[in-house]
Amino acid sequence: MPGQLLRVVTAGSVDDGKSTLVGRLLHDAKAVLSDQLSAVEAASERRGYEGADLALLVDGLRAEREQGITIDVAYRYFATANRTFVLADTPGHVQYTRNTVTGASTADVAVILVDARSGVVEQTKRHAAVASLLRVGEVVLAVNKMDLVDFAEDVFDTIVTDFAKAADGLRLERFTPIPVAALAGDNVVDRSANMPWYTGPSLLDYLESVSPHDLAAIPARFPVQMVMRPRTAEFPDYRGYAGRVEGGALRVGDSVIALPSARTTTVAGIDTADGSIEQAEIGRSVVVRLADDIDVTRGDLLAVDVEPRPVMTNRVTATICWLSDRPLRPGDRFALRHTTREVRAVVDDVRSRLDISSVSSIHTGELELNDIGTVYVRTAEPIFVDPYELNRATGAFLLVDESSGATVAAGMIAHV
Amino acid sequence: MTLAADELTLERAWLTDLEDEAIHIIREVGGQFERPVVLFSGGKDSIVMLHLAIKAFWPARLPFAVMHVDTGHNFPEVIEYRDRHLGRLGVRLVVASVQDSIDRGRVHETPGQSRNPLQTVTLLDAIAENRFDAVLGGGRRDEEKARAKERVFSVRDDFGQWDPRNQRPELWDLYNGRHRPGEHVRVFPLSNWTELDVWSYIEREGIEVPSIYYAHERAVFDRDGMLMAVTDWTPPRDGETVRSEWVRYRTVGDATCTGAVSSVAQDVSAVISETAASTVSERGASRADDRASEAAMEDRKRQGYF
Ligand SMILES: Nc1nc2c(ncn2[C@@H]2O[C@H](COP(=O)(O)OP(=O)(O)O)[C@@H](O)[C@H]2O)c(=O)[nH]1
């Protein structure tokens with residue numbers, strides 16, 4: 001299992017065969033253990049199914065088993081000789097868009113499933129919209145149940161053309177279509193003999209070889225999680241800032257600006273428990289020492305002092321996905337969680353809502369559960385942001401209900 | 001550092017990804033909570049978690065308490081390891097004892113049954129007494145289907161209960177630790193690790209684990225399709241024949257419900273090979289209490305079990 005983690009999100013409407021596809025992927029990639037398989041075989045038999053229903057492998061909670069549907073994001077793990085995968089399996093119903101958003105927020109690749117018999121439906125567009133909005137680097141259109149349309153190339157082509165049309169309106173720049181039959185395993189792990197007209201990779205081949213689109217081409221950002229001041233005999237005067245590198249690499253000697261103070265200084269050292277390093281790539285958790293003694297605490301941001309710099313602001317325009325049963329109305333107040341910072345915020349205005357079927361924005365005054373819309377947010381104290389397109393970490397925020405603590409919105413900063 | 005170490009890091013890039021993610025999570029706990037506690041059982045997952053917690057705060061000292069919920073039915077090798085390992089790390093241990101809960105009448109023991117389910121009360125009492133607001137556990141999502149949907153930060157109500165239908169969405173790496181008085185948050189930094197990842201990391205970091213994780217000769221007998229060790233609490237019943245066999249443990253929980261597996265793996269790399277080739281999941285091989293029903297784990301989790 002060499003190589004890095006690839007995070008994949010799967011999305012599809014109910015009964016498109018997502019659980020079967022994921023079960024098949026795990027099974028054929030040998031990630032299913034014999035006791036799990038026998039449990040599935042036994043459960044299938046109890047239910048009077050013929051053979052093992054691989055979908056049962058991935059159906060987690062009791063409520064789901066009772067309703068026979070997937071209701072929450074479930075994470076699966078498997079590794080092949082070439083890669084280690086984290087797979088976020090998200091449910092199909094419209095009312096669970098929030099789960100698709102959750103799964104997509106960390107994904108490198110989105111696999112959007114459609115049933116070859118029904119083609120591109122409203123849910124497909126919704127999933128494509130989410131993948132585009134959340135800036136998932138790569139999108140796969142998996143056209144499933146090809147066996148039920150006689151493995152016909154023209155059916156596949158029509159669906160691909162329809163999807164391309166929708167993708168266009170959603171600013172989804174590219175996608176990879178793959179015809180599959182999850183139940184029998186065609187083009188899931190091994191290339192299918194039933195579709196000689198298809199010359200592309202199987203789904204697993206694709207996932208093993210794709211290099212995720214790099215969102216991190218911008219200069220490093222370093223949200224400070226905590227200040228390290230050991231004051232021990234061994235480290236009496238040590239002062240460093242712990243955090244995770246978001247964006248491009250951070251190097252010793254880099255000139256950095258600290259926000260909110262706007263003081264500039266230089267990276268004097270990058271430390272880890274395993275020793276000091278010269279350069280920390282995106283995603284690395286490290287401790288940064290600065291050349292000057294400036295006041296930096298949790299919630300502050302260090303950024304490499306070149307363009308584009310993060311913007312310090314109290315107002316942002318953002319696209320949000322509303323996650324709560326109670327509708328969002330202008331004037332509603334929240335705690336806003338952005339990087340390691342939490343500030344109070346008010347939604348001054350609810351501008352528009354994305355209408356999925358027409359793929360266009362509709363003017364509105366409020367957002368309901370699972371709506372995706374554009375809002376203006378004002379914060380009590382400044383936050384240090386980049387547009388989400390440039391950097392997922394410094395462009396994303398949550399709105400939190402201050403009394404219940406619930407996470408009620410996922411926000412992506414459009415511009416400031 | 002030597003070249004070999006660099007190569008190692010490159011070759012196992014995914015372990016570095018997992019380590020960085022776990023350290024980020026643990027530091028968020030440090031940033032968001034007043035009184036966190038790390039659960040430490042002497043099992044491999046909790047050993048790895050403690051190792052990561054210490055790395056996360058380096059060069060400062062670990063600012064968290066460390067607690068063992070002790071059923072009293074332990075493998076002696078694990079307790080010996082626990083005390084030696086924590087002593088070496090300079091970590092002070094809080095022991096929350098199931099025996100105390102029994103003595104105080106908080107729980108009632110059913111003779112002949114595992115104490116594993118009783119742990120929940122002991123744990124919740126200890127959390128309340130110590131006013132812990134964040135409780136770090138070594139749970140992994142790959143262990144069991146019900147765990148696959150567990151959040152990294154998982155809020156528990158006053159009764160320690162988990163409501164799988166009403167979990168907070170968890171997006172990006174923004175962890176929402178908000179909780180009301182009386183509630184606490186369970187935190188699972190190893191959420192995205194598999195059993196194989198844990199072993200690979202133990203090898204990479206050169207971490208010592210209790211000896212019973214490696215193959216040794218032991219008096220065992222068959223029960224419910226598992227290999228049980230002969231201990232004070234698990235004597236063989238009539239008709240169960242004791243034999244000597246080379247075994248190791250894949251989990252080292254309560255001795256009354258933890259089974260061994262046949263093994264010849266006497267060191268980490270041999271365990272990794274066996275794990276990679278294994279066709280039975282860790283819980284399937286080792287945990288009697290999970291086998292009771294398809295939904296067993298989910299039921300126990302709802303009630304506040306780890
Ligand atoms: N014929 C055929 N049936 C399939 C295929 N994939 C899934 N199914 C069936 O479609 C139904 C729904 O599948 P499931 O995986 O539960 O869908 P989910 O709701 O998207 O998870 C089940 O009866 C599957 O057996 C396929 O490739 N061909």
Side-chain angles (χ1 to χ4, degrees), chain A residues 1-5 33-36 39 43 59-63 65 71-77 79 84 86 98-99 101-102 105-106 225-226 228-230 232 234-235 238 242-244 271-275 283-285 287 298 323 335 337-338 340 392-393 396-398 400 405-407 410, chain B residues 1 5 10-14 16-24 27-28 30-31 54-61 141-142 145-149 155 164-165 167-174 176 178-180 183 191-194 196-197 200 276 278-281 283-285 294-295 298-299:
Chain A
M1 303 150 294
Q4 282 170 302
L5 286 183
L33 303 167
S34 64
D35 59 325
Q36 294 171 335
D59 255 355
L61 300 174
R62 168 179 299 208
R65 282 198 292 277
I71 53 159
D72 197 21
V73 187
Y75 293 88
R76 328 265 160 214
Y77 305 87
T84 303
V86 177
R98 68 180 212 173
N99 296 322
V101 171
T102 302
S105 71
T106 50
Q225 287 187 283
M226 17 194 359
M228 295 299 181
R229 295 210 64 185
T232 54
E234 198 184 344
F235 298 98
Y238 188 97
R244 197 171 187 191
D271 300 331
T272 74
D274 296 314
R284 294 301 311 273
S285 285
V287 183
R298 173 171 168 88
L323 309 171
R337 194 172 271 282
H338 173 260
T340 55
R392 269 180 172 180
F397 64 85
L398 304 178
V400 174
T407 301
Chain B
M1 279 273 163
L10 268 183
E11 185 197 329
R12 302 186 191 185
W14 90 99
T16 304
D17 291 344
L18 290 172
E19 178 185 65
D20 285 324
E21 179 182 72
I23 288 178
H24 175 255
R27 287 173 176 169
E28 276 305 289
I54 288 170
K55 282 183 107 167
F57 293 107
W58 181 94
R61 294 175 65 88
R141 289 181 183 142
D142 87 315
K145 275 197 292 187
R147 284 210 198 262
K149 306 191 174 188
V155 185
R165 296 297 299 261
Q167 302 194 78
R168 290 177 183 168
E170 200 159 67
L171 295 110
W172 298 289
D173 52 9
L174 293 172
N176 176 4
R178 241 177 212 258
H179 58 284
R180 287 181 279 208
E183 292 180 339
S191 283
N192 289 327
W193 297 52
T194 64
L196 199 51
D197 295 332
S200 304
S278 167
T279 58
V280 177
S281 72
R283 283 191 169 263
E294 209 183 332
E298 194 180 320
D299 288 341

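A distance of 9.5 Å separates CZ in A:Arg244 from CD1 in B:Ile23, rounded to the nearest 0.5 Å. With rounding to the nearest 0.5 Å, the separation of CG in A:Leu323 from CG in B:Leu171 is 6.5 Å. Between the OG1 atom of A:Thr340 and the CZ atom of B:Arg27 there is a distance of 12.0 Å, given to the nearest 0.5 Å. Note that OG1 of B:Thr194 is 9.5 Å distant from OH of A:Tyr77, once rounded to the nearest 0.5 Å. One distance of note links OG1 of A:Thr407 with CG of B:Leu174; it measures 9.0 Å at 0.5 Å rounding. A distance of 9.0 Å separates CG of B:Asp17 from OG1 of A:Thr84, quoted to the nearest 0.5 Å.
Checked by atom type and distance alone, the side chain of B:Arg180 never pairs as donor or acceptor with a backbone atom of A:Gly405 at under 3.5 Å. Not one N or O on the side chain of A:Gln225 forms a donor-acceptor pair closer than 3.5 Å with the backbone of B:Gly31.
Note on B:His24, B:Glu183, B:Lys55: by heavy-atom pairs under 4.5 Å with chain A, the leading option is B:His24. For the set A:Val86, A:Thr106, A:Leu398, the count of heavy-atom pairs under 4.5 angstrom toward chain B peaks at A:Leu398.
Using a 4.5 Å cut-off between heavy atoms, A:Tyr75 contacts chain B through both its backbone and its side chain. Residue B:Ala22 does not touch chain A at all, counting heavy-atom pairs closer than 4.5 Å.
Nearest heavy-atom pair across A:Phe235 and B:Trp58 is CZ-CZ2, 3.8 Å. Minimum heavy-atom separation, B:Pro169 to A:Thr102: CB-OG1, 3.7 Å. Among all heavy-atom pairs drawn from A:Pro230 and B:Ala60, the shortest one is CB-CA, 3.6 Å.
A 6.0 Å sphere centred on CZ of A:Arg229 holds more than 12 heavy atoms belonging to other residues, nucleotides or ligands.
With respect to B:Glu28 and A:Arg298, a salt bridge is recorded, a charged nitrogen being found less than 4.0 Å from a carboxylate O.
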